[in-house]
Amino acid sequence: MSNFQRATAHALMIDGTEYGPATVVHADKVRWESAARANGWTAEANGQTLNAFVAWAALSREKHLEMDFEEFTANLEVAETRNLKKEEKKENPTL
């Protein structure tokens, strides 16, 4: 059994719509790094943007939503990414 920690992304929009879960993968984090460089963001100074962007990237990649990042953040109430506990992985073997 793997010791890797998988993460999932979830979002709650202002209108009450919920998206997720989506599995966060390396490509989502690399997409954040590219956007961060282009926009002058740092993880330390832009922690909320980091969290929202990674959630948006994962949710978009898995086709949970179809909106650009600006629209996503304009309508976002809360986004979160969380590591799956080993018990959660056992209950859902697709994760």
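Reckoned from all heavy atoms, side chains included, excluding hydrogens, waters and symmetry mates. For this chain, numbers begin at 1 and follow the sequence in order.
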Approximate separation, where rounding is to 0.5 Å, of Tyr19 OH and Leu59 CG: 9.0 Å
Please step through side chain to side chain contact (heavy atoms under 4.5 Å, CB included) for the pair Trp56 and His64, ending with a clear verdict. CA-CA 9 Å; Trp56 169 80; His64 289 275; over 6 Å; no
Identify every side-chain donor-acceptor pair in residues 47-55 under 3.5 Å, counting partners at least two apart or on other chains, and give the distances.
| unit_1 | atom_1 | unit_2 | atom_2 | d |
| --- | --- | --- | --- | --- |
| Asn51 | OD1 | Thr81 | OG1 | 3.2 |
| Asn51 | ND2 | Ala79 | O | 2.6 |

Check against side chain to side chain contact (heavy atoms under 4.5 Å, CB included), Glu18 and Met13: CA-CA 6 Å; Glu18 293 185 37; Met13 308 309 281; over 6 Å; no
Distance from Glu77 atom CD to Leu12 atom CG, nearest 0.5 Å? 4.5 Å
Please tabulate, for side-chain N and O atoms in residues 68-76, each donor-acceptor pair with protein atoms closer than 3.5 Å (sequence neighbours left out).
| unit_1 | atom_1 | unit_2 | atom_2 | d |
| --- | --- | --- | --- | --- |
| Asp68 | OD1 | Glu70 | N | 3.3 |
| Asp68 | OD1 | Glu71 | N | 2.8 |
| Thr73 | OG1 | Phe69 | O | 3.2 |
| Thr73 | OG1 | Glu70 | O | 3.1 |
| Asn75 | ND2 | Glu71 | O | 2.8 |

Closest contact, heavy atoms only, Pro21 versus His10: CB-CE1, 3.2 Å
Within one Ile-Leu-Val-Met-Phe-Trp-Tyr cluster: Val25 and Leu65, side-chain cutoff 4.5 Å: no
Given 3.5 Å as the limit, does a donor-acceptor pair link the side chain of Asn39 with the main chain of Trp41, or not? no
Output the distance between atom OG1 (Thr8) and atom CD (Glu80), rounded to the nearest 0.5 Å. 7.5 Å
Scan residues 52-62 for pairs that pass salt bridge (Lys or Arg N to Asp or Glu O under 4.0 Å), counting only residues two or more places apart or in two chains. Asp28-Arg61
